[in-house]
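See below for the structure under consideration.
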Amino acid sequence: MRLSQMLFVTLREDPAEAEIPSHKLLLRAGYIRRIGSGIYAYLPLMWRVLKKVSQIVREEMDATGAQECLLPQLQPADLWRESGRWDTYTQAEGIMFSLTDRRDTELGLGPTHEEVITTIAKDMVRSYRQLPLHLYQIQTKFRDEIRPRFGLMRGREFIMKDGYSFHTSEESLKKTYQDMDRAYSNMLRRSGLEFRAVDADSGAIGGSGSQEFMVLAEAGEDEVLYTEDGQYAANVEKAVSIPADAELSPFSKVEKRETPGTDTIDKLGKFLKCSPTQVVKNVLYQAVYDSGITVLVLVSIRGDQDVNQVKLLNELTKLAGNYQAKTVLFLTVPDAEAQGKWAAKSLPLGYMAPDLADDYIAGNPPQPPLGKGGQQDSNPPLGKGGQGGVSPKFLRLVDRTAVDLTNFVTGSNESGYHVVGANWNKEFPLPATVVGVRTAKKGDRAVHNPEQTLQSARGIEVGHIFQLGTKYSEAMGATYTNEQGEEMPFIMGCYGVGVSRLAQSAVEQSYDKDGIIWPVAIAPYHAIISIPNISDAQQVEVAEKLYAELNQSGIETLLDDRDERAGVKFKDADLIGIPYRIVTGRSLKSGKVEIVERATKQSHEILIEEVQATLKQWIETAIK
């Protein structure tokens, strides 16, 4: 392609809308153009990158025996109601674009396609003889992000490969899952990316085991925790670890002490001269279930630990049946406005105790007596009819880090005061439900080997694979007939790769002050020929000849034949990140051209007749 004929506009300044380097560079280099919030046009250079990424993905998927198809973007709401996810995706997470057609039929733009593919299997797969089956597509997806940002990293429209497999046994599913593990690793390696596969939370997709594939980059939204022995890696939302040992408490008797201005753990520790490991902090959350019931959750956890909201959400989802619900729509720390809707009186924020009285909830009936061992019922009965409103009692949970503390410090339910030397089931009843909701962090000891400590890195999630099990097939009545003639639900797997996100993550991982440094395998072109002076007949002649020869031999080459200064051309070549720049300049006097490697900036003078063979060798080596 000749740059003089290409839609090619570069910017010298960073666009105001861009926040991270890759977003800035893709806009400046003319790869993408913003059309609306979270909506981007893929311009010619970017489309070539996306086609190359898609082809790598397609080849690796086909190699496993998966079959490509194309599923509808527009999906009936009834399918999502069958699976029980319509409210989750349109209200709880709120990421599905929903609409009503002229027939008053509710529809959604597909953020994912489990419901569609399960319906297809339900209608078409009758017998175990047709299984296992693995279908995939490369398709545009839509998600109504609350705050679209970072360009293609978190947009409202994006390109994704999603695949779905159907099985008769867990063993068959695990084989395909392992095939996908290898295929995804191959995809990322072939794309020239440094990555790490990590254990992950399944989120709204559901299922049991899941694994994320993270491209390592400083601007990554996710934190990855791993051990240097290579035996453990997980997203921080999923990671588990052994926390530091709690220190012995200096308090030997129970006492209520005035502690003014100590509404944070740090302030409290300094005031009492105690370790945060000796403190039980009590954190209030507000959960809204899909039954319409609001539940106020009080989590007691060791003072040096933080609550992991993803783990907490998973625990609350397990308890949904107690509130005549299936899932949690919202989980938040209630702000002043939220508290105003249910609080009967001002909360002692920063000074709450594990036994914060239920009469803080407006309209609360008298508190029942304590049960055996001084424990309250952590799953109290609902209000009239069990529908809507606020549950009349706090749901009290205690993290494992706080269970074994003795003579600890905690709030007193009175602002400006704490209790020291407290013990469970003496001064405070131990909540009946013990959970593991702490956030693992760098420096913690590893569960598999306490001599290993967790290290931290930032990552960009570009792939995620799930073992779904029978979640969707059971919900949607999708069955097959087994060898014994019995109707059985499909055992399913789900596998996604963000094609457009992967492309931008490659830029985030590899750039310098001058621009993008594309991996050779997914660069829009392998080489660019820059003619320093288009008035020089020899420079133009050699450039034209090389341009034709290289493209004919399969080396994808751009020709910068614009009437611009040499400095402008060189800057643009660096900015757009083409791996090899060929300059038909002063070296022509000795029958050579200059080739500059974008990644290293190393310059070589190569005989004109050897350019093709040299580049071919470099490219083949780079993409192996």
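Keep in mind that this is a model prediction, so the values were computed, not measured. Below, all heavy atoms of this structure are taken into account, side chains as well, without hydrogens, waters or symmetry copies.
Nearest heavy atoms, W86 versus M96: CZ3-SD, 3.4 Å. Pairing each heavy atom of S505 with each of I460, the nearest pair is CB-CD1, 3.8 Å. The two atoms that bring L107 and P76 nearest to each other are CD2-CA, 3.7 Å, heavy atoms only. Nearest heavy atom pair, residue Q504 against residue G151, reads OE1-C, 3.8 Å. Nearest heavy atoms, L546 versus I608: CD2-O, 4.1 Å. When all heavy atoms are compared, the tightest approach of G463 to Y184 is CA-CE2, 4.2 Å.
Electrostatic pairing of E610 and K616 does not count as a salt bridge here, judged by no charged N lying under 4.0 Å from a carboxylate O. Using a 4.0 Å cut-off between charged side-chain N and carboxylate O, E237 and K311 make no salt bridge. Salt-bridge check for K52 with E556: passed, with a basic side-chain N closer than 4.0 Å to an acidic carboxylate O. The existence of a salt bridge linking D574 and K569 is excluded, since no basic side-chain nitrogen approaches an acidic carboxylate oxygen closer than 4.0 Å. In summary, E145 and R154 engage in a salt bridge, as defined by a charged side-chain N under 4.0 Å from a carboxylate O. Between E114 and R85 there is a salt bridge, since at least one side-chain N of the basic residue sits less than 4.0 Å from a carboxylate O of the acidic one. Of the charged side-chain nitrogens involved, none lies within less than 4.0 Å of a carboxylate oxygen, so that E19 and K24 do not count as a salt-bridged pair.
In this model, no donor atom of one side chain and acceptor atom of the other lie less than 3.5 Å apart for Y42 and R33. At a cut-off of 3.5 Å, with distance as the only test, a side-chain donor of E508 or S22 sits close to an acceptor on the other residue. A side-chain donor-acceptor contact under 3.5 Å links T453 and Q455. With hydrogens and angles left out, the side-chain atoms of S530 and D560 include no donor and acceptor closer than 3.5 Å. Under 3.5 Å, the side chains of D179 and Y495 contain no donor-acceptor pair of N or O atoms. Defined by atom type and a distance below 3.5 Å, a donor-acceptor pair is present between the side-chain atoms of S456 and E223.
Using a distance-only test at 3.5 Å, with no hydrogens or angles considered, no donor-acceptor pair links the side chain of D444 to the main chain of A440. Within the 3.5 Å criterion, the main-chain N or O of R147 finds a donor-acceptor partner in the side chain of R149. Checked by atom type and distance alone, the side chain of S83 pairs as donor or acceptor with a backbone atom of W80 at under 3.5 Å. For Q509 (side chain) and L216 (main-chain N/O), a donor-acceptor pair under 3.5 Å exists by modelled atom type. S54 places a side-chain N or O within 3.5 Å of a backbone atom of L50 that can act as its donor or acceptor partner. Checking side-chain atoms of R156 against main-chain N and O of F142 turns up no donor-acceptor pair under 3.5 Å. Between the side chain of S500 and the backbone N or O of I159, at least one donor-acceptor pair lies under 3.5 Å. Although no hydrogens or angles enter the test, the distance criterion places no donor-acceptor pair under 3.5 Å between the side chain of S587 and the main chain of E605. A side-chain donor-acceptor contact under 3.5 Å links T600 to the backbone of Q602. Distance alone, capped at 3.5 Å, is enough to place a donor-acceptor pair between the D512 side chain and the G515 backbone.
Between Y136 and H134, the distance separating the two ring centers is not shorter than 6.0 angstrom. The distance between the ring centers of W518 and Y31 falls below 6.0 angstrom.
At most 12 non-hydrogen atoms from other residues, nucleotides or ligands lie less than 6.0 angstrom from CD of E194. Heavy-atom contacts from other residues, nucleotides or ligands closer than 6.0 Å to CG of L70 number more than 12. Enclosure of atom NZ in K571 is not indicated, since only 12 or fewer non-hydrogen atoms of other residues, nucleotides or ligands lie within 6.0 angstrom. Heavy-atom contacts from other residues, nucleotides or ligands closer than 6.0 Å to CD of E13 number 12 or fewer. Taking a 6.0 Å sphere around CD of E218, one finds it holds 12 or fewer heavy atoms contributed by other residues, nucleotides or ligands. Counting non-hydrogen atoms of other residues, nucleotides and ligands closer than 6.0 Å to NZ of K442 gives a total of 12 or fewer. Atom CD of E541 sits in a sparse spot, with 12 or fewer heavy atoms from other residues, nucleotides or ligands closer than 6.0 Å. Within 6.0 Å of the CD atom in E451, the count of heavy atoms belonging to other residues, nucleotides or ligands does not exceed 12.
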Please evaluate residues R458 and D222 with respect to the criterion salt bridge (charged side-chain N to carboxylate O under 4.0 Å, His left out), reporting the C-alpha separation (whole Å), side-chain torsions for both, the decisive distance (0.1 Å), and the verdict. CA-CA 6 Å; R458 303 302 301 181; D222 296 291; over 6 Å; no

If you apply the rule side-chain contact (heavy atoms from CB on, under 4.5 Å), what do you find for T112 with Y89, and how did you get there? CA-CA 10 Å; T112 185; Y89 268 72; 4.1 Å; yes

T439 and D306: side chain to side chain donor-acceptor pair (under 3.5 Å), yes or no, with the steps? CA-CA 6 Å; T439 301; D306 294 315; 5.8 Å; no

Take R190 and E60 through the test salt bridge (charged side-chain N to carboxylate O under 4.0 Å, His left out) and record every step on the way to the result. CA-CA 10 Å; R190 288 182 59 189; E60 291 298 332; 3.0 Å; yes

Worked check of side chain to side chain donor-acceptor pair (under 3.5 Å) between N533 and Q539: CA-CA 7 Å; N533 181 4; Q539 290 186 17; 5.6 Å; no

Intermediate values then yes/no, side chain to side chain donor-acceptor pair (under 3.5 Å), E170 and S172: CA-CA 5 Å; E170 291 289 343; S172 176; over 6 Å; no

I would like to know whether D162 and Q137 meet side chain to side chain donor-acceptor pair (under 3.5 Å); could you show each step before the answer? CA-CA 6 Å; D162 52 325; Q137 64 170 343; 3.2 Å; yes

Would you check, one step at a time, whether the test salt bridge (charged side-chain N to carboxylate O under 4.0 Å, His left out) holds for R2 with E544? CA-CA 10 Å; R2 298 171 185 272; E544 291 281 1; 2.8 Å; yes

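Contacts of H604 classified as ring-ring contact (aromatic ring centres under 6.0 Å, His included), with partners at least two apart in sequence or in another chain: W618. With sequence neighbours left out, the salt bridge (charged side-chain N to carboxylate O under 4.0 Å, His left out) criterion links D14 to R28. In this view, H23 and Y40 satisfy the ring-ring contact (aromatic ring centres under 6.0 Å, His included) rule, not counting sequence neighbours.
Cation-pi contact between R501 and F158: absent, since separation from the ring centre below 6.0 Å together with deviation from the ring axis within 45° is not met. For the pair R598 and Y580, the cation-pi criterion (under 6.0 Å, within 45° of the ring axis) is not fulfilled.
We find the CG-CD1 distance between L79 and I117 to be 12.0 Å, quoted to the nearest 0.5 Å.
In this structure the side chain of L109 reaches within 4.5 angstrom of the side chain of L74, judged on heavy atoms.
When I595, L558, V596 are each tested for a side chain to side chain contact (heavy atoms under 4.5 Å, CB included) with I582, only one passes: I595. When each of K141, Q73, Q139 is checked for a side-chain hydrogen bond (donor to acceptor under 3.5 Å, both in side chains) with H113, only K141 meets the rule.
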